Amino acid sequence: MSSPDERIAALSQDYPAWQIRHVVVPGPQWWATRRRPLTRGQRAAGLVPSIARWNLVALAMELAVQDEIAHHRGYATGEPAPGAVRVADPTPRAGG
């Protein structure tokens, strides 16, 4: 099994917008914090500034969820994707 530092390095390659760390204290032991602050719009879209989970697998799953939300809302690593068209509601409307 790899060390926490090796696992952090591997996960950090997949999620460079996040600072990932292992904390040995009571409570969640794996943390990820965004490297850049979120705007109100990003928070309203469902992006979160930090995540804490009991194990690395759960943390990786939540990071994947955050990436999926960002992708669907036109954000890349916490910033608007180049050339992205952002809309308030991407659901098609009848008659339009």
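Quantities reported herein were computed from a predicted structural model and do not represent experimental measurements.
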Query raised in the report: Does Arg34 use its side chain to pair, donor to acceptor, with the backbone of Ala17 at less than 3.5 Å?
Result: no
Report task. Using modelled atom types only, decide if a donor and an acceptor are shared between the side chain of Gln42 and the backbone of Ala70 within a distance under 3.5 Å. Result -> no
Requested in this report: Answer yes or no: are there more than 12 heavy-atom neighbours, outside His22 itself, under 6.0 Å from its atom NE2?
Outcome: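 Yes, because the 6.0 Å sphere around NE2 of His22 holds more than 12 heavy atoms from other groups.
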Report summary line: Minimal heavy-atom distance between Gly46 and Gln66, with the atoms involved, is O-NE2, 3.2 Å
**Report entry** Closest non-hydrogen atom pair between Pro16 and Arg35, with its separation
**Finding:** O-NE, 3.0 Å
Report task. Not counting sequence neighbours, which residues clear side-chain contact (heavy atoms from CB on, under 4.5 Å) with Asn55? List them please. Result ->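 Expected list: Val57, Ala58.
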Who are the side-chain hydrogen bond (donor to acceptor under 3.5 Å, both in side chains) partners of [X], not counting sequence neighbours?
X	answer
Gln29	none
Thr33	Arg21
Glu68	His72

Requested in this report: Would you mind listing the cluster partners of Ile51? Hydrophobic ones only (ILVMFWY), side-chain contacts under 4.5 Å, chaining allowed.
Outcome: Ile8, Leu11, Tyr15, Trp18, Ile20, Trp30, Val48, Leu56, Leu59, Leu63
Report task. Please write out which residues are connected to Val23 in a hydrophobic cluster, directly or through intermediates, given that two of Ile, Leu, Val, Met, Phe, Trp, Tyr count as joined at side-chain heavy-atom separations below 4.5 angstrom. Result -> Val25, Trp31
Query raised in the report: Which pairs, with at least one residue in residues 42-65 and sequence neighbours excluded, count as a salt bridge (Lys or Arg N to Asp or Glu O under 4.0 Å)?
Result: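 Output for this query lists Arg53-Glu62.
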